[in-house]
Amino acid sequence: MPSIIDETVFGDPSRGLAVVYLCGALLLAGQQVYYVIVEGATPFYAGLFLSAGMALSGIAESLPNPRRRAAGVLRVTALVVLVSMLVILFVTPDLLIN
């Protein structure tokens, strides 16, 4: 009997979520580039963490069905990136928020 975690992490990828995650990552990265280059602002590192996590999730969801193990590894990596952002935010918020 497969567990819920096994079904969630190593389940079939969803193409609709891939588009949402990848577009969100692209929008967040574009916003960072605009504010840093055009406006001359300092980079918002929390946005970079969010962009990286969403990009990893989007790549995981865009993989074909036979690559479920690779998709699971990418999903777990995205989760680690996002949770590490939260840990850094609570431990030393000065590193993420300027």
I'd like a table of donor-acceptor pairs (distance under 3.5 Å, sequence neighbours excluded) in which one partner is a side-chain atom from residues 29-38, with atom names and distances.
from	atom 1	to	atom 2	distance (Å)
Gln32	OE1	Phe44	N	3.2
Gln32	NE2	Phe44	O	3.4
Tyr34	OH	Glu39	OE2	3.0

Would you give me the side-chain donor-acceptor pairs under 3.5 Å for residues 49-57, sequence neighbours excluded?
from	atom 1	to	atom 2	distance (Å)
Ser51	OG	Ala25	O	3.3
Ser57	OG	Gly53	O	3.1

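Side-chain contact between Leu48 and Leu28 is absent, with no heavy-atom pair separated by less than 4.5 Å.
Both Leu86 and Ile88 are members of a single hydrophobic cluster when ILVMFWY side chains are connected at heavy-atom separations under 4.5 Å. In the hydrophobic clustering of ILVMFWY residues, with side-chain heavy atoms under 4.5 Å counting as a link, Val81 and Val73 come out apart.
Contact record, Arg75 with Ala60: CG-CB, 3.8 Å, taken as the closest heavy-atom pair.
Residue Val91 is found in a hydrophobic cluster whose other members, listed by chain and number, are Leu79, Val83, Val87; membership requires side-chain heavy atoms under 4.5 Å apart, directly or through intermediates.
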